[in-house]
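Hydrogens, waters and symmetry mates are skipped; everything else that's a heavy atom, side chains included, is used.
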Amino acid sequence: MRHPCIVSVVIQAAVLAGAAASASDPTGIYAIIDRVVLEPETGDPERAQIWGAFALARGAREYAEPVRGYLYLEAAEDEQKICRREWTDLRKLAGSGKVVAFGNRWRQDVRVSPPTAKPEKPKRYPFGFGLTVIKPTRYTPVRQLMGLPAPSRPEPGKTVRPGRVELTARNAVIEGEDVLYFFEISDESGKKERSAAIRPGKKTTAWKPEMVVEPGKTYAWRVWVTHGKWTGTAAKSTFRGKVEA
């Protein structure tokens, strides 16, 4: 029997148990949803692109470090109604910055596609125990998601005009007077430049490195936060110098 769709502010018992809960936490996916794209947009959707940050269950006890991108999922013929209900609830959560738990670590086969990847064959939407909104906690996958910034400019995979470029990230959900941001950029040769600690802006945080972007060259950059002695996972992005005619 399938569980009905549930959106609540109850912390799962596994989360309340803290780090030791990783041995028994059945949740398949912890996520912060940015947007949900339904296919088709009108009528009854059969597929969904769920964009945001995701920490996927890995093995029997762990969760992979969170990454940004999207899940491309489809509804099986006998599960379309409940899929659509959960997609609708995920859409309502989009942009809220709240962490949501769904899926089942024992019954899912999903992957996070990078923001620059084109949608390919969708995976089956993973049912678990409904949707549960998780309150802020130090539980590892939740805290890592809350501490993950979102690279926004340059847009991932885009080209930029040669010269110096400003790197901008949408702020992580985690807040506090001791939250600091760090950036790092590297070129194709492996040369790197790292920022000093930066106080967060109101909604975004930016840094302008001295490194000069050259035409046709690809650059990788990272941004992460620290919260006191805790260091979050780095969010990664790339861009390319524009070859001007």
Rounded to the nearest 0.5 Å, how far does [atom2] of [Y] lie from [atom1] of [X]?
X      : Y      : atom1 : atom2 : value
Ile50  : Arg91  : CD1   : CZ    : 11.0 Å
Asn104 : Thr27  : CG    : OG1   : 8.5 Å
Lys208 : Ser195 : NZ    : OG    : 15.5 Å
Glu74  : Cys83  : CD    : SG    : 9.0 Å
Leu38  : Leu90  : CG    : CG    : 10.0 Å
Lys217 : Ser189 : NZ    : OG    : 8.0 Å

Result block: side-chain N/O donor-acceptor pairs under 3.5 angstrom for residues 145-155, not counting sequence neighbours:
from: Ser152; atom 1: OG; to: Thr168; atom 2: O; distance (Å): 3.1

(request) Using a cut-off of 6.0 Å, state whether more than 12 heavy atoms not belonging to Glu175 lie near its atom CD. (result)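 Incorrect, the count does not exceed 12.
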(message) Does atom CZ (Arg164) have a neighbourhood of more than 12 heavy atoms from anything else shown, all under 6.0 Å?
(response)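 Yes, the 6.0 Å shell around CZ holds more than 12 heavy atoms from other groups.
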Between [X] and [Y], which heavy-atom pair has the shortest distance, and what is it?
X      : Y      : result
Ile29  : Phe54  : CG2-CD2, 4.1 Å
Pro66  : Thr233 : CD-OG1, 3.7 Å
Gly232 : Trp230 : CA-CH2, 3.5 Å
Ala234 : Trp224 : CA-CB, 3.7 Å
Lys135 : Val142 : O-CG1, 4.3 Å
Gly28  : Gln108 : O-NE2, 3.0 Å

(request) Would you check, one step at a time, whether the test side chain to side chain contact (heavy atoms under 4.5 Å, CB included) holds for Leu167 with Phe239? (result) CA-CA 10 Å; Leu167 307 177; Phe239 64 89; 4.0 Å; yes
Are [X] and [Y] in one and the same hydrophobic cluster, where Ile, Leu, Val, Met, Phe, Trp and Tyr link if side-chain heavy atoms are under 4.5 Å apart?
X      : Y      : result
Phe182 : Ile185 : no
Trp51  : Leu56  : no
Val37  : Trp87  : no
Val179 : Phe183 : yes
Val36  : Ile82  : yes

Taking C-beta and beyond as the side chain, do [X] and [Y] meet within less than 4.5 Å on heavy atoms?
X      : Y      : value
Val165 : Trp221 : no
Pro119 : Tyr70  : yes
Glu120 : Tyr72  : no
Arg124 : Leu73  : no
Asp25  : Tyr139 : yes
Phe129 : Thr132 : no
Asp187 : Glu214 : no
Arg199 : Leu180 : yes

May I ask you to decide if [Y]'s main-chain N or O and [X]'s side chain share a donor-acceptor pair within less than 3.5 Å?
X      : Y      : value
Glu193 : Met211 : yes
Asn171 : Thr205 : yes
Tyr181 : Ala172 : yes

(request) With side chain to side chain contact (heavy atoms under 4.5 Å, CB included) as the test, would you mind laying out the steps for Val99 and Val133 before giving the verdict? (result) CA-CA 6 Å; Val99 177; Val133 176; over 6 Å; no
(request) Using the side chain to side chain donor-acceptor pair (under 3.5 Å) rule, collect all pairs that involve residues 234-245, keeping only residues at least two apart or in two chains. (result)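 Sorted result for residues 234-245: Thr218-Arg240.
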Just checking, is any N or O donor in the side chain of [X] or [Y] under 3.5 Å from an acceptor N or O on the other one?
X     : Y      : answer
Tyr63 : Arg105 : yes
Gln49 : Glu39  : yes
Glu79 : Tyr125 : no

(message) Could you walk me through whether Phe127 and Glu86 satisfy the side chain to side chain contact (heavy atoms under 4.5 Å, CB included) test, starting with their C-alpha distance in whole Å, then the side-chain angles of each, then the deciding distance to 0.1 Å, before giving a yes or no?
(response) CA-CA 9 Å; Phe127 285 108; Glu86 293 205 5; 3.9 Å; yes
(request) Could you walk me through whether Lys191 and Glu210 pass the salt bridge (charged side-chain N to carboxylate O under 4.0 Å, His left out) test, one step at a time? (result) CA-CA 12 Å; Lys191 180 182 177 181; Glu210 295 293 330; over 6 Å; no
(message) What I want to find out is whether Arg194 reaches Glu184 closely enough, with some N-O distance under 4.0 Å, to be called a salt bridge.
(response)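 Looking at Glu184 together with Arg194, the answer is yes, because their closest N to O distance falls below 4.0 Å.
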(message) Checking Lys81 now: which residues fulfil side chain to side chain contact (heavy atoms under 4.5 Å, CB included) with it, not counting sequence neighbours?
(response)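 With sequence neighbours excluded, Lys81 shows a side chain to side chain contact (heavy atoms under 4.5 Å, CB included) to Arg85, given in chain and number order.
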